[in-house]
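What follows is one structure encoded as structure tokens, with my remarks underneath.
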Amino acid sequence: MFKHLKNDLPASIVVFFVALPLCLGIALASGAPLFSGLIAGIVGGIVVGSLSGSHIGVSGPAAGLAAIVLVAIGSLGYEPFLVCVVLAGIIQIGFGILKAGIIGYYFPSSVIKGMLTGIGIIIILKQIPYFFGFDKDPEGDFAFLQMDGENTFTEILNSLNALLSGNFNSGATTIALIAMGILILWDKVLSKKARIFQLVQGPLVAVVVGIVFYLLTKDGAMSISKEHLVAVPVPDSLESFIGQFNFPKFSVITQTEVWVTAFTIALVASLETLLCVEATDKLDPEKNVTPTNRELLAQGTGNIISGLIGGLPITQVIVRSSANIQSGGKSKMSAIIHGFFLLISVLAIPTILNLIPKSVLAAVLFIVGFKLAKPALFKTMYKLGWKQFVPFIVTVLGIIFTDLLVGIGLGLGVGIIVILIKSYQNSHFLHKEGEDVDDGRIKMTLAEEVTFFNKGAILKELDKLPENSFLELDVRKTRYLDNDIIEILDDFTEKARNRNITIRLVSERGTIENPESYSSFFRSNPKIL
């Protein structure tokens, strides 16, 4: 675990600076105490990071659960809601024991790539207002419709209008541009020049420069106002620090709503985690494969602990995981260390953290988002053909205009439709024997598996057969034939007689002309049925 520390330590710093505002923002978007988001981030890093089999995945509070959490807290109250988090963790452990982790492998690659690209675009779009020191909406709110009644694009238009009219925070924009320049320079030039620039990462330098800029300009014309700085809770005593923790109210455990909410959280959190696992494994340069059932056990344990001490539900999070990968993280130590950084920052340096401009963090996230949604990927997916491009682009647009799970659902739905279309088309092969011969001899070869999805295509071709023709039906390659197809063939025998169509059935058992009953023939052949 420690042999890659030279890579994991710098990466953990980047993940820490990405995770900090997201923990606070997701808590705010969920209607929960801000401290609960930090608890979830700490538990997700230290506990889940230690138990997980993922090399580069990072867990914490997820934006995808914010809407569910907001409704649950409003309906139940916060302490009863924590019971739901604990129960959700127990249910997730049950999923892991039942080997439910395999579900993530049934999502097409085009949908996973669309998810990564959509999240990258959202990251970029959501950071534009912060870049100009304009938006007061909470960090980490990845929904298209936002809490203040605006949506993603109206917030961007408001920011651009403010920029054009001069009604923006010039200090926030200036330091954001400086931070962006540092990050690009570090990534493209300095990191290739000397070892020191690989050990000391660009995002850390950008954050330090941002703090120095704020301190030097806070009384001048380019000062950055308080609402454009990170806001970590600052306890004034040990008693006030302990007072930030909340504990579950287990007396509500018999309520039906509590169990329904718990199961909903467990299901959504597990699905989001499995999709993120699949996505991070695709991004991983080392191509490690995460054991998904172990991941569910780790996530369940993390949610039990988070719920017991007042934290939000936890999932593996693609934003943090991708930041970890892009920053050179090699092992689970980067996730664990980032959790300790969150813990130390809450205990020791909350005042210093509150000097970091949000626009600097926006610049860091711009780079992360761009690496996820590179324009070249759209060109690559387009070249792969419509069967890959359509589910990909539907997933991207669905995530941008709705939310993560809805977008993935839309992409998966389109992917299934594509499969059905191809299944319809590939149920059989139909051709005349001899390219230039018009003697009415037609050969139809059935595919390895023919199901009820193929009924329409086969029926259509049978009905198109001309009178007085000769059909050779080859089932030698067929290993599964649905009963619906057999019924179609049985029904066609009478039509064939009336139209003087001769049918020769070719199988591994021999050849039969004009069989009386296809049902009897196929049912006596266990290889096909």
Enter the distance from [X]:[atom1] to [Y]:[atom2] here, rounded to the nearest 0.5 Å.
X	Y	atom1	atom2	answer
Ser50	Ile336	OG	CD1	3.5 Å
Thr264	Glu257	OG1	CD	10.0 Å
Leu275	Ile408	CG	CD1	4.5 Å
Ile318	Glu272	CD1	CD	10.0 Å
Leu465	Ile501	CG	CD1	5.0 Å
Thr117	Ile122	OG1	CD1	11.0 Å

For [X] and [Y], which heavy atoms make the closest approach, and how far apart are they?
X	Y	answer
Gly302	Val43	O-CG1, 3.4 Å
Asn293	Ala100	OD1-N, 3.4 Å
Val15	Ala323	CG2-C, 4.4 Å
Val48	Ala298	CG2-O, 3.7 Å
Val394	Gly411	CG1-N, 4.0 Å
Ser36	Ala27	OG-CB, 4.0 Å

Exercise. Is the number of heavy atoms from other residues, nucleotides or ligands within 6.0 Å of NZ (Lys287) greater than 12?
Worked result: yes
For this session: Evaluate whether atom OH of Tyr382 has more than 12 neighbouring non-hydrogen atoms of other residues, nucleotides or ligands under 6.0 angstrom away.
Result: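 Atom OH in Tyr382 is not packed in, count stays at 12 or less.
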Would a 4.5 Å heavy-atom cut-off, applied to side chains only, mark [X] and [Y] as touching?
X	Y	answer
Val69	Phe81	yes
Ile485	Asp482	yes
Ser59	Val317	no
Tyr480	Val450	no
Lys383	Thr380	no
Leu410	Thr395	no
Ile112	Lys282	yes
Leu462	Met444	yes

Side-chain ([X]) to main-chain ([Y]) donor-acceptor, under 3.5 angstrom:
X	Y	answer
Thr502	Phe470	no
Asp8	Ser331	yes
Asp281	Thr290	yes
Ser327	Asn324	no
Asn500	Glu467	no
Trp259	Ile253	yes
Ser75	Ala72	no

Problem set entry | Intermediate values then yes/no, side-chain contact (heavy atoms from CB on, under 4.5 Å), Val258 and Leu76 | CA-CA 8 Å; Val258 169; Leu76 296 168; 4.2 Å; yes
Using a strict 4.0 Å threshold on nitrogen-to-oxygen distance, state whether [X] and [Y] make a salt bridge.
X	Y	answer
Arg479	Glu508	yes
Glu513	Arg504	yes
Asp463	Lys495	yes

Exercise. Should Ser110 and Phe389 be marked as a side-chain contact (heavy atoms from CB on, under 4.5 Å) after you check the CA-CA gap, both sets of side-chain angles, and the distance that decides it?
Worked result: CA-CA 7 Å; Ser110 57; Phe389 184 73; over 6 Å; no
Exercise. Do you know which of Ile512, Leu481, Ile503 makes side-chain contact (heavy atoms from CB on, under 4.5 Å) with Tyr518?
Worked result: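 Passing option: Ile503.
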Determine all donor-acceptor pairs shorter than 3.5 Å in which one atom belongs to a side chain in residues 303-314; sequence neighbours excluded.
from: Asn303; atom 1: OD1; to: Ile314; atom 2: N; distance (Å): 2.6
from: Asn303; atom 1: ND2; to: Gln92; atom 2: OE1; distance (Å): 2.6
from: Asn303; atom 1: ND2; to: Gln299; atom 2: O; distance (Å): 3.4
from: Asn303; atom 1: ND2; to: Ile314; atom 2: O; distance (Å): 3.3
from: Ser306; atom 1: OG; to: Leu312; atom 2: O; distance (Å): 2.8

Exercise. Which is it for Glu472 and Ile442 under the side-chain contact (heavy atoms from CB on, under 4.5 Å) test, yes or no, and what are the steps along the way?
Worked result: CA-CA 6 Å; Glu472 182 177 295; Ile442 299 165; over 6 Å; no
For this session: Kindly indicate, with the supporting measurements, whether the criterion side-chain contact (heavy atoms from CB on, under 4.5 Å) is fulfilled by Ser334 and His338.
Result: CA-CA 6 Å; Ser334 56; His338 118 275; over 6 Å; no
Problem set entry | Within residues 306-330 or reaching into it, pairs that qualify as salt bridge (Lys or Arg N to Asp or Glu O under 4.0 Å) - sequence neighbours excluded |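 Non-adjacent pairs meeting salt bridge (Lys or Arg N to Asp or Glu O under 4.0 Å): Glu286-Lys330.
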For this session: Measure up the Phe378 and Phe392 rings against each other and bin them: parallel (under 30°), tilted (30 to 60°), perpendicular (over 60°).
Result: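 Perpendicular, since the angle between the ring planes exceeds 60°.
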Exercise. Which of these passes side chain to side chain donor-acceptor pair (under 3.5 Å) with Ser52: Lys332, Gln316, Arg294, Glu295?
Worked result: Glu295
